[in-house]
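Labels below follow one simple rule: chain letters A, B, ... track the order of the sequence lines, proteins then strands, and each chain is numbered from 1.
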Amino acid sequence: MNSIGARVRARRGGPPPRDNRTMDNRDVARLLVQTADLMEIAAEDPFRIRSYRNAATAIEACPESVLEILQDPARKVTDLPGIGKGMAANLHEIAVRGSFERRDQLLERYPPTALELLKIQGLGPKTIALLWEHYRVSTIDDLERICREHKLRLLPRLGAKLEEKVLRSIATYRQSAGRFLLSVADEVATELCHYLAETPGVDKVTPAGSLRRGRETVGDLDLLVTGAGAASALDRFIAHPSVTEVLAKGPNKASARFGPHAIQVDVRALPKESYGAALQYFTGSKDHNIALRARCLKLGFTLNEYGLFRLDDNTKVAGETEERVYAQLGLAWIPPELRENHGEIEAAAANRLPHLVELAGIRGDLHMHTLESDGRATLEEMAAHARALGYQYIAISDHSKALAMANGLDERRVLAFAERVRELQDSLGIHVFSSIECDIRKDGAMDLDDEALASLDLVIGSVHSYMNQDSAEMTARLLRALECPYLRVLGHPTGRLLLAREPFSFDFDRVVDAAVRRNVALEINASPERLDLHDTLLHAAKLRGARFVIDTDSHHPQHLANMRYGVTMARRGWLEASDIVNTLPLKEFQEQLTAL
DNA sequence: GCCGTTTTCGGCCCGACTGTTTTCAGTCG
């Protein structure tokens, strides 16, 4: 079972599903991570805690359901890396009753709400345990009260400064839940990189961290600065007018909140000779780095942010470039988007990393709106901007009539629109396909009749209503829509809005299989609020044989530039140009359209 | 709790910064 709803619950850390028959790998992994967090609060053996986290990572990365492997007498769950006898016993218990003994014991000692406290910056497991023992603090509201009453400072090793810091952290946490859209982080990083690069003596400023890896949301920004002027760039950074709060400032690192979103930015000054090692180190992910260091030790090296060193005589063997660090470890350079410890190190070692799709390989954009529905520009303006981006073709895909609020097109207007596109074709300087973003109604029927759909070059089907249907209903709805013979693309398949709305609940695997059978491409909607489909689902869908289109869903010419975020998501999903239909040149793309 | 092409025991990734201390624990990335 691979229900989207379950996957999201796992990521957001809500309560576990009660019915363990619907548990997928993410749910299981989350139980283990939660147990590891509680073990930290209980100050248990750090290595044992890590083994729980490792097991969770392995289970999340596993393409098959671990609970199904458990039930198969021919399979051994201990064949998974990081799963031994003890963890297998826990998994058996989870399969039977949705939890396991050690987790239950910890939950008797500490309330599950205590886990949320770990998200408050400046508070770690030790302090949370202390607060629980002295004051029974279990929620963020409790924590806020203790700080306001100045009771936190009464505890050993804690003081007034921590009280203030925690109160500020609580405010920030509540304001943003701690994460920002990739596009927001990208804009701040671009601005700051330019600003810091103007410091005399600065050679390079590079974003690292989850922004460089292209995660759809970013918690904070890491900027690396090198050159003789790097140290003064730190001073210049904290003096920036948009810095609202300086969190830390040393000779090598400055940390501050920046701009209206109060996004945390860490700037690090680095010597040229260790720039590559630092870039590698601060790009992460944490899991990737841990796995990489384990490989280092095996090969007789140690790796830190200053370089790669031989263990026996401490000789530095790499550090100036990332490529050299990876090469010394017998690895091809790994694109940052893949650095999640999801098999990329093994692939690099075997020289079988994918040739990831690139922005320059995109030949057209198939999802954009005009004044005809809820867009803000004309067909001609959108076409002109797309041509300026170097595309060979676009599809204009306005809304259908169900979205009355968006002035969606009815059958009559669709036929007129298709006719108009044919008339304009030669005057636009770029090939324009007539298309529609047709609503998939509550019961899975298309919002327009067959005659109207048949008049268009391309039909994208999207769900915009009744988004809280249960999994069975939504699955049936999407499966019915996929039987429409004119449907070519399933638009923003999960319907999620980042930091705002959960994805629909549906059986992802069944829908993908139907799309593969029906030759319907899955959309990678590049709008920064959507990024839908996203990395893990893309990889899963690719393994099931799916093909994809990357679209911007632009409502304004400026939105066309969002294509890069969609490409980033595709790269994170291990997709190559051959997986993406709109990398095809016009002629071949047209052949594909008619062949489908 | 996991792991082993030296090992079934004894390892397990590493360093910077802060606050509250007077040498370091806790937190973070």
### Task
Quick one: label A/Ser255 by what it contacts on the DNA or RNA (base, sugar-phosphate, nothing), any heavy atom closer than 4.0 Å.
nothing
### Query
Counting any heavy atom closer than 4.0 Å, what does A/Tyr52 reach on the DNA or RNA strands: base, sugar-phosphate only, or nothing?
sugar-phosphate
### Message
For a quick check of understanding: with a heavy-atom distance under 4.0 Å over all strands, which category does A/Leu292 fall into, base, sugar-phosphate or nothing?
### Response
nothing
### Query
Contact class for A/Ile49 vs. all strands (heavy atom < 4.0 Å): base, sugar-phosphate, or nothing?
nothing
### Task
Grab the CG-C1' distance between A/Leu297 and B/dG4 for me, whole Å please.
14 Å
### Query
Will you find, in the side chains of A/Ser255 and A/Gln264, an N or O donor that is under 3.5 Å from an N or O acceptor?
yes
### Message
Taking B/dT20 as the reference, what is the distance to B/dG26 when you measure between their P atoms (whole Å, please)?
### Response
14 Å
### Message
Applying a 4.0 Å non-hydrogen cut-off, can you work out what A/Lys165 is touching in the nucleic acid: base, sugar-phosphate, or nothing?
### Response
nothing
### Side-chain donor/acceptor of A/Asn25 to backbone N/O of A/Glu64, under 3.5 Å
yes
### Query
Can you check the A/Lys85 NZ to B/dG1 P distance for me, whole Å?
12 Å
### Message
Is it the case that atom NZ in A/Lys161 sees more than 12 heavy atoms from other parts of the structure closer than 6.0 Å?
### Response
no
### Query
Do we see a donor-acceptor contact under 3.5 Å between the side chains of A/Ser51 and A/Asn54?
no
### Query
Are A/Asp37 and A/Arg53 ion-paired here, with the side-chain N under 4.0 Å from a carboxylate O?
yes
Give each protein N/O atom lying under 3.5 Å from an N/O atom of nucleotides 5-7 of chain B, with the pair distance.
none

### A/Arg179 and A/Thr217: side chain donor to acceptor below 3.5 Å
yes
#### Entry: A/Lys286 side chain, from C-beta outward: closest of B/dG29, B/dC17, B/dC14
B/dG29
### Rounded interatomic separation in angstrom, taking CD from A/Gln121 and P from B/dC17
16 Å
### Query
C1' atom, B/dA25 versus B/dT21: distance in rounded Å?
10 Å
### Message
I need the CZ-P distance between A/Phe282 and B/dC28, as an integer number of Å.
### Response
16 Å
### Message
What is the separation between atom CG on A/Asp266 and atom C1' on B/dT18, rounded to the nearest whole Å?
### Response
14 Å
### Span that lies between the C1' atom of B/dT18 and that of B/dT22, in whole angstrom
15 Å
### Message
Is there a side-chain contact between A/Asn252 and the phosphate of B/dA16, meaning an N or O under 4.0 Å from OP1 or OP2?
### Response
no
### Query
In a check of side-chain hydrogen bond (donor to acceptor under 3.5 Å, both in side chains) between A/Arg572 and each of A/His534, A/Glu216, A/Glu340, A/Glu337, which one passes?
A/Glu340
### Query
Over how many whole Å does the gap from A/Leu247 atom CG to B/dC17 atom P extend?
14 Å
### Message
Reading DNA chain B from 5' onward, which residue's closest nucleotide shows up sooner: A/Ala294 or A/Leu162?
### Response
A/Ala294
### Spacing of the C1' atoms in B/dC12 and B/dT7 (rounded, Å)
14 Å
### Task
Walk me through it: do A/Arg212 and A/Glu322 pass the test salt bridge (Lys or Arg N to Asp or Glu O under 4.0 Å)?
CA-CA 14 Å; A/Arg212 183 163 181 246; A/Glu322 269 193 338; 2.9 Å; yes
### Query
Whole Å only: how far is the CG atom of A/Leu311 from the P atom of B/dC12?
11 Å
### Base-pairing assignment for B/dG11 (Watson-Crick or G-U wobble, both under 3.5 Å)
B/dC2
### Task
Using the C1' atoms only, state how far B/dG11 lies from B/dT6, rounded to an integer number of Å.
14 Å
### Query
Does a donor on one side chain sit under 3.5 Å from an acceptor on the other, for A/Thr139 and A/Asp141?
no
### Message
Within the 4.0 Å heavy-atom criterion, would you say A/Asn54 contacts the bases, only the backbone, or no part of the nucleic acid?
### Response
nothing
### Query
Near DNA chain B, under 4.0 Å by heavy atom, which residues of residues 125-161 of chain A?
A/Pro125, A/Lys126, A/Thr127, A/Arg157, A/Leu158, A/Gly159, A/Ala160, A/Lys161
### Query
For A/Asp186 and A/Tyr565, does a side-chain donor sit closer than 3.5 Å to a side-chain acceptor?
yes
### Query
Hey, does A/Pro81 reach any base, or is it just sugar-phosphate, or nothing, if we go heavy atoms under 4.0 Å?
sugar-phosphate
### Donor on one side chain, acceptor on other, A/Thr536 and A/Arg26, under 3.5 Å
yes
### Task
Compare the minimum distances between each of B/dC2, B/dC17, B/dA16 and the side chain of A/Ser51, then state the nucleotide with the smallest one.
B/dC2
### Task
May I have the distance from A/Leu221 (atom CG) to B/dC28 (atom P), rounded to whole angstrom?
18 Å
### DNA chain B: 5'-proximal contact among A/Arg48 and A/Ala248 (nearest heavy atom)
A/Arg48
### Message
Given the structure, check if the side chain of A/Tyr306 and the base of B/dG15 hold any donor-acceptor pair shorter than 3.5 Å.
### Response
no
### Query
Given A/Glu305 and A/Lys253, is the salt bridge (Lys or Arg N to Asp or Glu O under 4.0 Å) satisfied, shown in steps?
CA-CA 13 Å; A/Glu305 60 262 55; A/Lys253 176 189 160 183; over 6 Å; no
### Message
Just N and O in the side chain of A/Gln264: are any of them under 4.0 Å from OP1 or OP2 of B/dC28?
### Response
no
